[in-house]
Amino acid sequence: MVVYISRRLGAGVVLVICASLIVFALMLADSDHIARNLLGDQATPAMVEAKQAALGLNDPVIVQYFRWLVGAAQGNLGNSWFNAESVSYLLLSRVPVTLSIAFGTVLISTVVSVAVGITAALYRGWTDRALQLISITGLVFPGFWLALVLVAKFSIEWQLVPATGYIPIAQSFTGWFQSLTLPVLSLTIGAVAGLSQQVRSATIATLEKDFVRTLRSRGLSEGSVLFKHVLRNAAPPTLTVVSLNFIALMSGAVMIERVFALPGLGSIAVDATGVGDIPIVLGAVMISVIIVVTVNLLIDLFNGWLNPKVRLT
Amino acid sequence: MSTVADIRAIANLTKAAIRQSLFSRILGSPVAFVSLGSLLILIAAIIAAPLLTPFDPNSGDIGQALLGPGADHWLGTDSSGRDVFARILYGGRNTLGGAALALAVASILGVTTGLIAGYHGGKVDTGLDWYTNLVIAVPHIMVLLAVRAAWGSNIWLIMTVFGVLMAPGYHRLVKGIVSGVRNELYVDAARVSGLSLPRILGRHILIAIRAPIIIFAALSAVVVIGVQAGLDFLGLGDATVPTWGTMLNEAMVNLYIAPGLMLWPGLALGVVNAALILFGNGLRDALEDSKSTKRPSRRRGISANAPKAGTSGSAAVPAAGGSDGDTRAGAGTAVVGVPGCGFIPDEAVLSVENLNVGYPSGDGHKLVVKGVSFGVRRGEILGLVGESGSGKTQTAWACLGLLPTGGQIVDGSITMSGRDIGSVSARERRGILGKKIAYVPQEPMSNLDPTFKIGYQLVEPLRRQLGLSKAEAQAKALAMLARVGIANPERTFDSYPHQISGGMAQRVLIAGAVACDPAVLIADEPTTALDVTVQAEVLDLLRELQHETGMAVILVTHNFGVVADLCDRVAVMQLGKIVEQDAVEALFSNPHHPYTRMLLSSGLEDKKPRTRLLPAATPVLEETKP
Amino acid sequence: MSAPLLEIKDLVTEFPMKGWRRPPFRALHSVNLDVKPGETVGLVGESGSGKTTIGRAVLGLAPVTSGSINFDGQDISRFGSRERRSLSKDIQVVFQDPYTSLNPAMTIEDILAEPLIVQGLDKRAASDRIARLLDRVQLPSDAAGRLPREFSGGQRQRVAIARALALEPRLIVCDEPVSALDLSTQARVLDLFLEIQEATGVAYLFISHDLAVVRHISHRIAVLYHGEVLEFGDAEAVSENPQSPYTQRLLLASPVADPVRQRQRRQARLAAL
């Protein structure tokens with residue numbers, strides 16, 4: 001198990017470094033472009049040249065990358081090109097907001113999906129049809145559009161919850177809860193749509209396995225067969241979808257933060273993108289990759305604990 | 001040599017086949033057909049935008065801002081007075097065009113790498129796997145933001161990068177299918193037939209992957225459209241290019257003044273997405289339907305029993321019969337048993353009377369067990385023998401009350417100590433199962449839960465059925481493992497199923513079955529999956545256990561050797577009926593029913609081995625080779 | 001004695017193992033075998049004995065780590081894909097599983113035409129040949145237009161045999177061709193194999209786990225255990241008077257369909273332990 005964990009951990013670190021290299025190369029392969037973009041069309045070649053030198057863009061990309069990587073390893077993601085503030089500082093204060101949305105959605109969508117998926121798998125018939133219908137509707141509308149509808153109805157028309165803004169949990173739990181209700185709800189619908197289908201099909205497939213008949217032939221209760229044995233065997237494919245869902249949520253949160261004016265990683269990245277503040281964008285990408293890799297690692301370990309065979313490979 | 005012409009001929013044939021069958025599949029699914037149709041109409045409208053609306057999507061009369069739907073502006077105007085209908089049509093060009101670009105890049109890249117990795121495997125595959133995991137772990141919007149930050153708002157560039165990010169999905173899909181198909185025997189057979197790699201890929205592999213790719217493309221298009229619209233929604237798109245996303249961005253900005261602006265672009269997205277999802281699902285369902293006629297496995301006699309009425313045009317070929325189509329006792333012949341075939345001994349521990357098992361089909365039931373009667377006494381081993389589709393396994397499952405979904409006892413009774421256990425409640429049945437009547441399955445490996453240790457799987461029922469404490473149950477389980485001849489019970493107790501051999505797993509299953517001292521043991525082909533030498537040991541074990549405990553055993557098997565080795569009495573089943581039943585010596589020495597005689601004469605043990613080798617002449621050919 | 005058609009000398013096959021620096025798995029340790037023209041050599045063994053690997057190595061579907069496989073005097077063990085393709089006229093195969101060895105999406109005609117068209121036959125000639133092949137394996141001629149799923153296991157195996165016969169090979173590798181079939185079907189398919197051999201003089205390398213099946217169809221039998229040939233000789237000698245203790249065990253372990261003789265056999269087996 002220790003070998004398994006350390007191997008997965010090592011793979012995670014390598015993955016983060018590779019991802020940073022690719023994103024870095026993607027952004028800074030042509031630095032001429034960047035300086036011109038920053039200065040606008042009126043800038044003279046001399047001004048572009050000076051800007052490039054000031055930002056260190058004249059060095060080869062690989063040198064720039066290592067400069068950045070060494071800093072990043074020490075927790076320093078550089079400074080904003082516009083107000084010279086520390087990127088690490090700017091971003092870290094925003095991580096809790098994004099994590100609240102993402103984890104809240106994963107948690108609620110998983111619980112709902114497992115309940116709905118198992119019900120549909122066991123009773124089939126009309127529950128099954130209802131599930132199909134719900135999941136199709138859930139996938140049809142993008143999360144940010146649902147968010148707009150929710151704001152228009154719940155906040156503007158009925159004034160039930162605040163339309164925008166974020167209240168930290170330390171300040172007020174109910175405020176925090178209220179500020180997150182609509183964002184999480186708008187992302188949950190889409191997440192449940194895919195996941196409940198997965199739970200349903202994994203449960204049906206497991207129920208048809210030979211060992212389920214044998215367990216029943218030993219006189220075990222239906223509850224034990226279902227919740228101990230079937231669920232555990234249906235977990236790996238479901239967890240794979242949960243981890244993919246989480247990645248998609250990190251993307252979805254960017255748009256949702258915009259609608260609800262939440263100060264998360266996504267909204268700062270969008271602002272920085274609009275003005276071309278590359279250190280911030282790069283930092284935001286890297287932090288979200290690290291979050292994703294960490295969560296996936298945890299899900300993998302959970303999977304390995306559930307499923308002894310996984311640990312061997 | 002006319003190889004070039006051949007390749008072309010085959011390519012044309014294959015293409016025609018692909019087109020035809022895929023097309024007919026789409027036609028065959030009304031959902032897929034209607035949704036594809038509406039999608040095509042929408043795309044046509046978008047292309048024909050200038051014909052459908054006189055308005056310019058980018059300029060408007062500020063005096064006419066935020067009008068409701070009317071005669072001039074069908075869907076009203078936005079905050080700058082631009083016509084919403086025109087913007088929807090022209091915006092669709094960019095939104096759907098961008099999405100199409102991303103999809104094209106993703107599918108071309110992903111399918112190519114997937115084919116290569118799936119067919120060749122090895123290092124290329126490992127490398128691509130790494131890259132795939134890398135790209136999948138990155139939130140796509142973040143990367144697109146990075147590209148947008150560095151390169152400006154060029155929708156086509158961003159969508160190309162997005163396509164590259166989406167490619168791993170296609171790669172995984174294609175690779176999975178191809179590496180599965182590559183190991184299929186029919187691909188091996190094609191290689192042995194002398195087909196070259198491109199021909200194998202074209203004829204066997206592309207056929208297998210094309211429908212999944214289309215389904216996946218439809219479903220991933222929804223994601224791509226969402227992200228494309230999302231980027232513009234964030235205000236990162238080119239403000240001069242109308243898209244559904246920029247329209248929604250405007251709706252958000254004017255959320256307090258004109259919440260209605262979100263309606264039409266949202267609806268446009270919804271309609272396109274719904275059409276794509278329904279198309280994908282419809283096609284998938286159509287495929288699953290055509291796949292549902294799966295191979296009848298030896299043990300699941302359901303599909304193998306009666307000829308499938310629905311299989312088109314199979315009438316002339318006596319297909320899917322209980323036995324080979326050209327068997328002497330075909331499906332059409334009425335099966336009549338010889339006298340004594342429904343014999344139920346006195347003092348039977350378990351007696352089955354006129355059992356009928358059916359599965360719902362059309363109106364009513366399709367019977368797989370038809371009026372079967374037998375009984376088994378204490379200390380007796382009854383063999384239930386027959387070929388695939390004879391209903392022997394269904395009979396066994398019915399006795400246990402563990403028929404697969406849909407299966408039910410239509411008529412008849414299963415009596416154990418004066419009670420009809422065929423009709424007891426689920427709770428009562430759980431009290432009987434394991435304790436009074438136990439089960440040993442065929443496939444040892446698939447009948448152990450792979451996620452729990454063997455010890456746990458033995459202890460759990462002991463605690464429940466005998467009310468033992470954890471320590472007592474553990475001691476009993478270890479004792480049982482030792483009893484069934486496992487050399488190191490502690491180690492096996494602490495192992496997961498994948499860590500032990502098939503023969504050991506079957507011993508574990510036998511230990512679990514007899515642990516609660518059942519009165520009746522039902523063993524369904526308990527040695528079929530085992531090697532001959534292991535089979536002999538397991539048969540010895542069953543015999544010993546039966547002698548020790550005096551339990552009654554019903555042994556389901558297709559192997560007359562196993563029957564001869566173990567059984568006291570034997571019932572021969574054919575197409576859901578018992579045709580003959582007798583004491584084992586009597587039946588083997590003097591079979592009455594023609595079917596029994598035929599089966600016994602099919603044995604090979606008594607045939608003389610061949611000794612005469614034909615003179616090594618030139619092979620007798622049907623014709624000279626071209 | 002005629003010269004062997006197929007001669008396997010010191011064949012070693014290793015499969016690379018998954019995982020870093022794991023030693024490869026050696027499936028075959030120095031196997032020696034030969035098959036004469038028109039002869040059936042049976043390979044019998046339990047799971048893991050390497051019998052299937054030998055067949056696949058002959059077909060070029062399993063790697064040859066060392067040793068040689070001579071067909072008609074030519075070492076085919078290191079053939080490239082082009083040379084291998086030219087061998088398809090001489091060496092063919094019938095696999096165990098009649099459900100996965102036929103492409104479910106192709107009609108019987110397409111399946112049978114595949115090898116013929118590769119060899120350059122035109123469509124008309126091919127469909128003539130297909131009609132005769134179907135007749136040869138006793139399938140109705142209207143079977144050509146149907147899909148494999150419309151046929152029973154035994155009928156599918158007949159299709160697979162027809163495909164193997166299409167190019168009139170001199171050797172057919174039969175990998176457990178009757179194991180998935182019911183007893184009565186099995187007997188009839190074996191009869192077909194015998195009949196075809198007598199009519200065409202094709203040689204079989206016949207692989208099975210069932211000693212009774214192998215004994216029935218083979219002239220000579222090789223007994224395999226853990227990748228090694230323990231015994232190789234005339235069918236009668238090997239199956240009735242085996243020399244190696246393992247073959248004796250194998251023989252005594254397979255039950256006979258006769259309660260009286262089976263009791264004797266069981267007692268003999270238990271006594272031998």
Side-chain angles (χ1 to χ4, degrees), chain A residues 15 18-19 22-23 26-28 33-34 37 136 139-142 144-145 148-149 151-152 156 209-211 213-222 224 229 232-233 244 247 250-251 254-255 258-259 266 269-270 272-274 276-278 281-282 284-285 288-289 292-293 296 306-309, chain B residues 133-134 136-143 145-152 222 226-227 229-230 233-236 248 251-252 255-256 259 262 266 269-270 273-274 277-278 281 400 402 426 430-435 438-439 441 443 446-452 460-461 464-465 496 498 509 512:
Chain A
L15 202 129
C18 288
I22 290 175
V23 175
L26 207 57
M27 293 179 86
L28 296 170
H33 190 90
I34 289 172
N37 224 8
I136 290 174
L139 291 172
V140 161
F141 295 105
F144 61 90
W145 189 79
L148 280 182
V149 175
V151 172
I156 299 175
K209 290 261 165 79
D210 286 341
F211 68 81
R213 185 183 310 109
T214 302
L215 287 169
R216 285 188 176 139
S217 81
R218 304 272 200 265
L220 292 187
S221 68
E222 214 35 41
S224 165
H229 296 276
R232 188 157 174 166
N233 278 281
L244 289 176
I247 301 170
M250 293 296 289
S251 283
V254 173
M255 265 102 59
R258 197 67 174 178
V259 175
V270 171
T273 299
D277 197 344
I278 283 174
V281 180
L282 199 57
V285 174
S288 50
V289 170
V292 165
V293 167
N296 282 356
L306 281 178
N307 241 330
K309 247 179 164 165
Chain B
N133 289 338
L134 174 77
I136 283 180
V138 179
H140 293 164
I141 287 247
M142 285 296 194
V143 178
L145 287 183
V147 174
R148 163 68 177 76
W151 297 89
V222 174
V227 167
F233 171 73
L234 290 171
L236 297 175
L248 283 171
M252 181 176 67
L255 194 57
Y256 286 84
M262 72 172 92
L269 282 171
N273 286 348
I277 291 170
L278 289 174
N281 285 356
L400 291 158
L402 294 175
R430 280 198 293 276
I432 298 168
L433 282 175
K435 234 156 124 181
Y439 169 62
E443 286 285 339
S446 68
N447 276 287
L448 288 167
D449 183 341
T451 58
F452 283 90
E460 196 187 7
R464 187 185 157 83
Q465 293 298 56
Y496 284 100
H498 67 266
L509 284 162

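So that the names make sense, note that chain A is the first sequence line, chain B the second, and so on, each numbered from 1.
Each of A/T214, A/V281, A/D277 has some count of heavy-atom pairs under 4.5 Å with chain B, and the biggest count is that of A/T214. Of the listed residues (A/N233, A/V254, A/V289), the one with the most heavy-atom contacts under 4.5 Å to chain B is A/N233. Each of B/L145, B/I277, B/N273, B/V138 has some count of heavy-atom pairs under 4.5 Å with chain A, and the biggest count is that of B/L145. Counting heavy-atom pairs under 4.5 Å between each of A/L244, A/V149, A/I247 and chain B puts A/I247 at the top. Each of B/G431, B/A251, B/A137, B/G152 has some count of heavy-atom pairs under 4.5 Å with chain A, and the biggest count is that of B/A137. Interface check for chain A: of the options B/K435, B/H140, B/M262, the most heavy-atom pairs under 4.5 Å are formed by B/M262. When each of A/L282, A/L215, A/T273, A/I156 is checked for heavy-atom pairs under 4.5 Å with chain B, A/T273 comes out on top. Ranked by non-hydrogen atom pairs under 4.5 Å with chain A, the options B/V143, B/N133, B/I136 are led by B/I136. Here A/L148 is the residue among A/V293, A/L148, A/V292, A/V285 with the most heavy-atom pairs under 4.5 Å with chain B. Most heavy-atom pairs under 4.5 Å with chain B, from the set A/M250, A/R232, A/R216: that is A/R232.
If you take CH2 on A/W145 and CG on B/L248, they are separated by 8.5 Å, rounding to the nearest 0.5 Å. Going from atom CZ of B/R148 over to atom CG of B/L234 covers 10.5 Å, rounded to the nearest 0.5 Å. Once rounded to the nearest 0.5 Å, the distance linking OG of A/S217 with CZ of B/R430 reads 13.5 Å. Here the NE2 atom belonging to B/H498 is positioned 11.0 Å from the OG1 atom belonging to B/T451, to the nearest 0.5 angstrom. Atom CG of B/N447 is separated from atom CG of B/L509 by 6.0 Å, given to the nearest 0.5 angstrom. Taking OG of A/S251 as the start and CE of B/M142 as the end, the distance is 7.5 Å to the nearest 0.5 Å.
Using a 4.5 Å cut-off between heavy atoms, A/I278 contacts chain B through its side chain alone, with no backbone atom that close. Neither the backbone nor the side chain of B/A426 comes within less than 4.5 Å of any heavy atom of chain A. Looking at A/V23, only its side chain comes within 4.5 Å of chain B, counting heavy atoms on both sides. Using a 4.5 Å cut-off between heavy atoms, A/V140 touches chain B through backbone and side chain atoms alike. Within the 4.5 angstrom heavy-atom criterion, atoms from both the backbone and the side chain of A/I136 approach chain B.
Side-chain atoms of B/S446 and A/K209, non-hydrogen and from C-beta on, never get closer than 4.5 Å to each other.
Ring planes of A/H229 and B/F452: tilted class, angle from 30 to 60°.
Minimum heavy-atom separation, A/L26 to B/W151: O-NE1, 2.9 Å.
Although no hydrogens or angles enter the test, the distance criterion places no donor-acceptor pair under 3.5 Å between the side chain of B/Q465 and the main chain of A/L220.
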